[in-house]
Amino acid sequence: MTTTSAPARTPEPQEPPRPAGPPDRATGRRTAAAVAVRVNRRAVVVCVGAVLAVLVLALVTLALGRLGITPAELPAVLAGNGSKAQEWVLWSNRAPRIGVAVGAGAAFGVAGAIFQSVTRNPLGSPDVIGLGAGAAAGAAAATLVWPGVLPGPVGALVGAGVAVGLVLLGAGRGVKAPFRMVVVGIAVGAMALAFVQLALARATTEEAQVVAAWLNGSLLSRNGGHVRTIALALVVLLPLALTLTRRLQLVEMGDDAATALGVEPGRTRTLAIAVGVALTAAAVTVCGPVSFIALTAPQIARRLTRSTGPGMVAAACTGSALLVGADLLAQNAPWGVQYPVGVLTALLGGSYLAYLLVREWRKGTA
Amino acid sequence: MTTTVTAPRAPRTSARGSRSRAWLLAAGLLAALALLVLTCGLSVAVGAKSVPLGDVWSAWLHPDDGYTSAVVQSRLSRTALGVLAGAALAVSGAVIQGLTRNPLGDPGLLGVNAGASASVVLVTALSGGTAGRSVWAALPGAVVATVAVYLIGSGGPRGRATPVRLVLAGAAIAAVLTALVQAVTLADTEVFTTYRFWVIGSLAGRPEDTVGLVLPYVLAGLLLAALLTRGLNALALGDETATSLGLNAGRTRALAGASATVLAAASVAAVGPVAFVGLAVPLVVRSFTGSDHRWLLPYCALLGPVLLLAADVVGRVVARPGELMVGVVTAFVGAPFLVVAVRRGRVGL
């Protein structure tokens, strides 16, 4: 996209990590370390490009289809001077949908970046290790099986947490065996989906139809409440993820090196997994378990920025662009049927996964 | 090929010990047969309208026009489907495991079932009518998925298809093909209503003649697998040893792969993609037969249907008054066996 045509600038050499900020005399050291941020120029270019891509895709999404709003008409509608139909299309139909896509894409992207960093493996992402399925099972339990006990989002959070717990427990060696985690995650994901099916079988037909659509990962008929949910989650969790970036980068170098540099690997990992679980649960709550965004977004971001370490911001922007783009395709594709966006991401993302596997094995890393 | 499932048991030192073990295993086979008969009886008896086991017997022997008899007849064809599909899945899993020397072999896990169901749904959507119900509709997809998973799994110049690689490749292929099935069924309402339960794996609501359509293929697949038992045993020793024992390793592999694929395709044509039966049953059976395929395969053929029918009965009971598809129950019961297989540590993890 725009990023590849950006002026070729030599990327800043990756410097070995060191405590940011000047070594201070007295107490101010901690704040300085927390505030000073090393900025990789190439990453900035990539992020700006991804944000531009999101904007363009959003404008195209608004303009296409029946009752589309062209960019020329948009300012008038935004100012409240549009027709009734245009107001309705924008505010109760397309804007929430785009908002949820942007937010959920970012959440999936960051969650993927966190998990891939913690497991030090691109395959350790939440959708491959059964986390999305677990969140879906939790949400189904909270809304269909035992309604009224927990709100849906909390149910999703609990489900995702249980799934991660089961995967770590089943793998037995924690995050140090990512491939084991993946295989155990396939089992946990299968069980979670079976549980969702049980919930569906016991539900009434109307409830079941709504949940079945959501289960594929769908952005149909989103409303302002969904946007608020994902926005709130991002406001709380993104800063947490950002503060963890640097420490995760150190932990990636190995437990001994991280400990020597003053980072507790165990606590960093626990915290990071908690943030990743919460982000996945929030995204699954608003748009269902859309698969493979969490797998692909951090990988694409890493390729584009040519950086090591978990580039949270880049992953978030890439995730948003991917989900908005996939939804645009799902809404306006030539085959005449509106597919849930999750079907599309599974088709494309599954192929990407296959490619990733072949590439990794060519290199002999697995 | 770094891993072997288990080396075949060393020959017993005394002929007497080996003979008594053979008697024990033969007796066990009879017990498994009895268990299968019992499960079949339960499968006919239990449901929304319960029928006492004694009435099942009389209604089967002397069918009349009564309500009980009608219920029994409808459940009989369902039970027969379960027996066929269960045997096909379990033996297919066992053959794949022997063939790839991989304890994680399962037609569902390795994407073969997803390939078969994708081609069934595509054939139905394109040609309409009943063309999609034949095993021939399921076969092309199953073959393509098998080849694709094997190629991806052994990707790279050194080409080693380890268990984990095969499972991961299977997961990727299954994700793509399942999305394809979703896309087709969502676009075509007629296909959707026909395959709504089938895509998850269900014994219920299949047309009466399905048993007849599938039976020859299951029998052919089982026969081929039975002929290959010695070859599979030799393959477990490694390609070089097998060759020096006078075995054509490549041909045995190809034939075994064909048998596993036909069995998986037939099971999909019968009941839809059901995962984990082919994983769990051989895993359990191997714990008492060892990896001698002459015992392993018959046990799988008897106990696979037991698992599938038991799962079907459970599915009828837990979601009353509705019904839970058998594929859901086998996933819930069978998935933990994947964890067990990984934890045993013979998969190179």
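Quick note on labels: first sequence line is chain A, next is B, and so on, each numbered from 1. Computation of the quantities below employed the complete heavy-atom set of this structure, encompassing side-chain atoms and omitting hydrogens, waters and symmetry-equivalent molecules.
- Only the side chain of Leu123(A) comes within less than 4.5 Å of a heavy atom in chain B; its backbone stays farther off.
- Put simply, the side chain of Asn121(A) does not reach to within 4.5 Å of the side chain of Gln116(A), judged on heavy atoms.
- Judged by distance alone, the side chain of Asp106(B) and the main-chain N or O of Gly278(B) form a donor-acceptor pair under 3.5 Å.
- Nearest heavy-atom pair, Ser125(A) versus Ala294(A), reported as atom, atom and distance to 0.1 Å: CB-O, 3.9 Å.
- When all heavy atoms of Ser218(A) and Pro340(A) are compared, the pair lying nearest together is CB-CB, 4.1 Å.
- For chain B, no part of Tyr355(A) is nearby; none of its heavy atoms comes within less than 4.5 Å.
- Interface residue Leu357(A): only side-chain heavy atoms are found under 4.5 Å from chain B.
- Both the backbone and the side chain of Val343(A) come within contact range of chain B, each with at least one heavy atom under 4.5 Å from a heavy atom of that chain.
- For chain A, no part of Ile173(B) is nearby; none of its heavy atoms comes within less than 4.5 Å.
- Pairing each heavy atom of Ala260(B) with each of Ser92(B), the nearest pair is O-OG, 3.0 Å.
- Neither the backbone nor the side chain of Ala192(A) comes within less than 4.5 Å of any heavy atom in chain B.
- If you measure heavy-atom distances from Leu295(A) to chain B, you find no contacts under 4.5 Å at all.
- Ion pairing between Glu252(A) and Arg269(A) fails under the 4.0 Å rule for side-chain N and carboxylate O.
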